[in-house]
Amino acid sequence: MNVLIGFGPLFWDDDTDTFLPQWGQPGHLGEGLARYPTDFTRDVLPIPCHSHNDYWRRVPLFEALHYGCTGVEADVWMFDRNDELFVGHDKSSLSPNRTFQNLYVHPLVEILDKQNPSTEFVDTNAMKNGVFDEEPERTLVLLVDFKTSGRELFPHVQDQLSVLRSKGYLTYFNGSATVVGPVTVVGTGNTPFDLITGNDTYRDVFFDAPLESLWVHPAQQAPATAPKRESLDDGLAPKRSSMPLHSLNPKTLHTKRSDA
């Protein structure tokens, strides 16, 4: 992983640059000037696309970022014999080393640590940069498909996300608004909705649901209990401190993060 990140820009380059190809190399023009701290995704333009079953890619997570995908999906399994979370489409495709931590959590931590360097130029209290150097305010949706019992999986997923949480890299709901961070975790499949919404003052795992199911027509409810329908700006544009929705569909999270 360190090798991939250390040579990040080379990993993305598809074409050989014939203009000053040795610029920045030792002993050549521009020596020592070719790299900068957040250049891992240099020249990658994020676009609103989702890497469905991302673990099928030749290079999970990294290939999606290479093409600018703002969402990736991991199918997660847990078995009684240990607390490890395995990633794959079905049981036959699972292997001991292809885990949620190895394929997604640890790589994201390393990438985001690199995108948020500690230097004399950086305000450590500022909003964290995301994975895309071109648009650091953009969030990346990590869609976690719970394949086995959701009630058993949920606390383990929460625990394995703790390293991202402790560094301030996760989008979270604070009881009144959604504060969008570099990574937005959305549960789908067997994700238990009641466990997600059980904490009404803080949560950083959201719920995948069709937008139409989040609103009921007033004619189908008593006026006193009919929910207010959110506007497009409120419901579809995740902002740092103004989005009231408790549940988010990953398809709506391709907009930029910004201070409200």
Side-chain angles (χ1 to χ4, degrees), residues 1-52 54-74 97-98 101-142 163-164 166-171 180-184 238-240 253-259:
M1 183 59 63
N2 289 329
V3 173
L4 281 175
I5 292 180
F7 291 92
L10 298 181
F11 181 70
W12 307 125
D13 289 343
D14 293 324
D15 302 315
T16 301
D17 195 343
T18 57
F19 178 73
L20 294 177
Q22 295 180 315
W23 189 86
Q25 301 303 313
H28 296 276
L29 183 66
E31 180 177 356
L33 301 179
R35 301 292 305 277
Y36 58 93
T38 62
D39 66 359
F40 178 59
T41 50
R42 179 172 60 190
D43 293 333
V44 174
L45 180 65
I47 56 177
C49 70
H50 176 71
S51 180
H52 178 63
D54 178 75
Y55 46 83
W56 279 345
R57 312 293 166 241
R58 187 179 66 83
V59 186
L61 179 64
F62 290 91
E63 191 169 355
L65 297 182
H66 169 51
Y67 289 106
C69 292
T70 54
V72 296
E73 178 188 9
N97 61 337
R98 288 174 64 87
Q101 287 184 312
N102 288 343
L103 290 177
Y104 294 98
V105 176
H106 292 160
L108 281 171
V109 170
E110 292 195 48
I111 293 169
L112 290 169
D113 282 350
K114 183 174 176 60
Q115 299 305 102
N116 291 276
S118 179
T119 70
E120 60 184 296
F121 307 104
V122 177
D123 178 4
T124 56
N125 295 318
M127 187 171 66
K128 299 290 187 181
N129 291 330
V131 298
F132 296 107
D133 188 45
E134 184 80 14
E135 295 183 15
E137 71 277 14
R138 175 98 48 172
T139 192
L140 175 74
V141 173
L142 176 58
V163 63
L164 289 163
S166 66
K167 291 174 176 285
Y169 293 153
L170 294 181
T171 295
V180 181
V183 176
T184 300
K239 297 181 180 179
R240 184 170 178 82
L253 288 168
H254 53 70
T255 52
K256 295 181 181 179
R257 298 182 290 132
S258 60
D259 290 323

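Throughout, residue positions are numbered sequentially from 1 according to the sequence presented.
Across every non-hydrogen atom of Ser51 and Arg57, the tightest pair is OG-NE, 3.1 Å. Summarising the geometry of His50 relative to Gly71, their closest heavy-atom pair is ND1-C, 3.3 Å, with the distance given to 0.1 Å.
The side-chain heavy atoms of Glu134 and Thr41, taken from C-beta on, include no pair separated by under 4.5 Å. No side-chain heavy atom of Pro182 sits under 4.5 Å from any side-chain heavy atom of Val131. In this structure, the side chains of Val44 and Asp133 stay at 4.5 Å or more apart for every pair of heavy atoms.
Once rounded to the nearest 0.5 Å, the distance linking CG of Leu140 with CG of Leu65 reads 6.0 Å. In this structure, CG in Asn129 is found 12.0 Å from CG in Asp113, a value given to the nearest 0.5 Å.
Panel note: side chain Asp54, backbone Pro60; no donor-acceptor pair is recorded below 3.5 Å. Asn116 contributes a side-chain N or O that, together with a main-chain N or O of Leu112, makes up a donor-acceptor pair within less than 3.5 Å. Of the possible donor and acceptor atoms, one in the side chain of Thr70 sits under 3.5 Å from a partner among the backbone N and O of Ile47. Formation of a donor-acceptor pair under 3.5 Å by the Asn102 side chain with backbone atoms of Asn97 is found in this model. When atom types are taken as modelled, the side chain of Glu63 and the backbone of Arg58 share a donor-acceptor pair closer than 3.5 angstrom.
Counted within 6.0 Å of CZ on Phe121, heavy atoms from surrounding residues, nucleotides or ligands total 12 or fewer; the atom is thus considered open.
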